[in-house]
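Beneath this line is the structure, given in structure tokens, with notes to follow.
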Amino acid sequence: MTARLTPLWTFVAWLATLAFFAPVAWMVLTSFHQEADAATNPPSPLAPFTFDQYETLFSRDITPFLLNSAMASVISTLLVLALAVPTAYALSIKPVEKWTDVMFFFLSTKFLPAIAALLPVYLIVKDAGMLDNVWTLIVLYTAMNLPIAVWMMRSFLAEVPREILEAAEVDGANLLTVLWRVVAPIALPGLAATSLICFIFSWNEFMFAVNLTATQASTAPVFLVGFITNEGLFLARLCAAATLVSLPVLIAGFAAQDKLVRGLSLGAVK
């Protein structure tokens, strides 16, 4: 019975994949059309292709927005990993007292909606003179992603064989050596999965970026809003900008796809 249903489930899986991919494909296709063709109802998928929308984007200087997003996302992800790995090590391999309370504390920091913290964060940043500063976003993104990274890394590090760690300690390895030479290679898929998720969350963050930046530190998601104006929705340009903004995440996910799959499945089966 199972063998007979395999082709059916394969067809269903491909159908679901195409359903999820269709909006992305339509966005990319629309980005190569003129505004008049993109706004037709019904749409004109066979309309003439053009690169005018991408030329317009670079003429509006999208590069600083992409660089701000890249800087905030990459640096905050590195800081998150630097803080989350030792913390997860202490909570899994060398558990501290009442480690469950510590894990609950990290989880409880995600209970408060981000919009509820916007006003106090804005006032603190304003008083510190850090408005429109990319380092403000780096600190906020690090704080936002750290609880998620700790929870993920703890589940990954819990799978590291204790015998290997004990052998390293017998050989006289200190904590930093154990983390760098022993734990990191074993937990590399988990590190890849955690870093990619933190990078995606930082890259896509919009609320703090649009409220705490103006001209110098605005990120790519803020740039996308500029195509929604009182004059109307510039659909083709918006699709072109969204395609460019999505590329770094897609490239990072494709480059780390093997480690990402292994990392997300690590610890799922005992």
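Owing to the predicted nature of the structure, the values given are computational and were not obtained by experimental measurement.
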Quiz prompt | Close side-chain approach of P48 and D37, heavy atoms under 4.5 Å | solution = yes
Quiz item: Does a side-chain heavy-atom distance below 4.5 Å link S69 with P221?
Solution: yes
Exercise. I would like to know whether Y54 and L244 meet side-chain contact (heavy atoms from CB on, under 4.5 Å); could you show each step before the answer?
Key: CA-CA 9 Å; Y54 291 94; L244 284 178; 4.0 Å; yes
Quiz item: When clusters are formed by joining ILVMFWY residues with side-chain heavy atoms under 4.5 Å apart, either directly or through shared neighbours, do V74 and I138 land in the same one?
Solution: no
Exercise. Can you measure from CG (L137) to CE (M130) and round to the nearest 0.5 angstrom?
Key: 9.5 Å
Quiz prompt | Shortest non-hydrogen contact from H33 toward A236 | solution = O-CB, 3.4 Å
Quiz item: Under the side-chain contact (heavy atoms from CB on, under 4.5 Å) criterion, do Q53 and S31 qualify, and how do the steps go?
Solution: CA-CA 7 Å; Q53 309 307 330; S31 69; 5.7 Å; no
Exercise. Work out which heavy atom in T215 is nearest to a heavy atom in S218; give both atom names and the distance.
Key: N-OG, 4.0 Å
Quiz item: Heavy atoms, side chains only, cut-off 4.5 Å: are T213 and V134 in contact?
Solution: no
Quiz item: Considering the options T77, L78, L79, which one meets the side-chain contact (heavy atoms from CB on, under 4.5 Å) requirement together with T142?
Solution: L79
Quiz item: Passes side-chain hydrogen bond (donor to acceptor under 3.5 Å, both in side chains), S202 versus N145? Steps please.
Solution: CA-CA 8 Å; S202 299; N145 290 328; 2.9 Å; yes
Quiz item: Should the heavy atoms of other residues, nucleotides or ligands under 6.0 Å from CZ of F49 be counted, would the total exceed 12?
Solution: yes
Self-check item: Distance-minimising heavy-atom pair for L146 and L83
Solution: CD1-CB, 3.8 Å
Quiz prompt | Non-hydrogen side-chain atoms of V139 and W135 separated by less than 4.5 Å | solution = no
Quiz item: Closest approach of A38 and L235, non-hydrogen atoms and distance?
Solution: O-CD2, 3.5 Å
Quiz item: Which value, rounded to the nearest 0.5 Å, describes the distance between M152 atom CE and T194 atom OG1?
Solution: 4.0 Å
Self-check item: Side-chain heavy atoms of D132 within contact of L212, under 4.5 Å
Solution: no
Exercise. Would you mind reporting whether L238 and L224 have side-chain heavy atoms less than 4.5 Å apart?
Key: yes
Quiz item: Given the rule that I, L, V, M, F, W and Y join up when any side-chain heavy atoms are under 4.5 Å apart, are V249 and M71 in one cluster?
Solution: no
Quiz item: Can you tell me how far the CZ atom of F105 sits from the OG1 atom of T100, to the nearest 0.5 Å?
Solution: 14.0 Å
Quiz item: Do the non-hydrogen side-chain atoms of L57 and F223 ever get within less than 4.5 Å of each other?
Solution: yes
Practice problem: Would you check, one step at a time, whether the test side-chain contact (heavy atoms from CB on, under 4.5 Å) holds for T30 with W26? | Solution: CA-CA 6 Å; T30 305; W26 188 261; 3.4 Å; yes
Self-check item: Gap between atom CD1 of I164 and atom CD1 of I186 - 0.5 Å precision
Solution: 4.0 Å
Practice problem: Treat each ILVMFWY residue as a node, draw an edge where side-chain heavy atoms are under 4.5 Å apart, and state whether F65 and L140 are in one component. | Solution: no
Quiz prompt | Gap between atom CG of L247 and atom CG of L66 - 0.5 Å precision | solution = 9.5 Å
Quiz prompt | Side chain proximity check, L191 to F156, heavy atoms < 4.5 angstrom | solution = no
Exercise. State yes or no: do Y141 and M207 share one hydrophobic cluster built from I, L, V, M, F, W and Y residues joined by side-chain heavy-atom distances below 4.5 Å, directly or via other members?
Key: yes
Quiz prompt | Distance in Å, L157 CG paired with T87 OG1, rounded so as to fall on 0.5 Å steps | solution = 10.5 Å
Self-check item: Shared hydrophobic cluster for F51 and V28 (ILVMFWY, side-chain gaps under 4.5 Å)
Solution: yes
Quiz item: Does anything in residues 189-216 pair up under ring pair (Phe, Tyr, Trp, His ring centres under 6.0 Å), and if so which pairs, sequence neighbours excluded?
Solution: F199-W203
Exercise. State, to 0.1 Å, how close V85 and M153 come at their nearest heavy-atom pair, and which atoms those are.
Key: CG2-CE, 4.3 Å
When the side chains of residues 109-125 are checked against the rest of the protein, which donor-acceptor pairs come out under 3.5 Å, sequence neighbours left out?
{"residue": "T109", "atom": "OG1", "partner": "F106", "partner atom": "O", "Å": "2.5"}
{"residue": "K110", "atom": "NZ", "partner": "M144", "partner atom": "O", "Å": "2.9"}

Self-check item: Pair N133-Q216, side-chain contact (heavy atoms from CB on, under 4.5 Å): steps then yes or no
Solution: CA-CA 7 Å; N133 192 317; Q216 300 298 322; over 6 Å; no
Quiz item: What are the two closest heavy atoms between S195 and A192, and how far apart are they?
Solution: OG-O, 3.0 Å
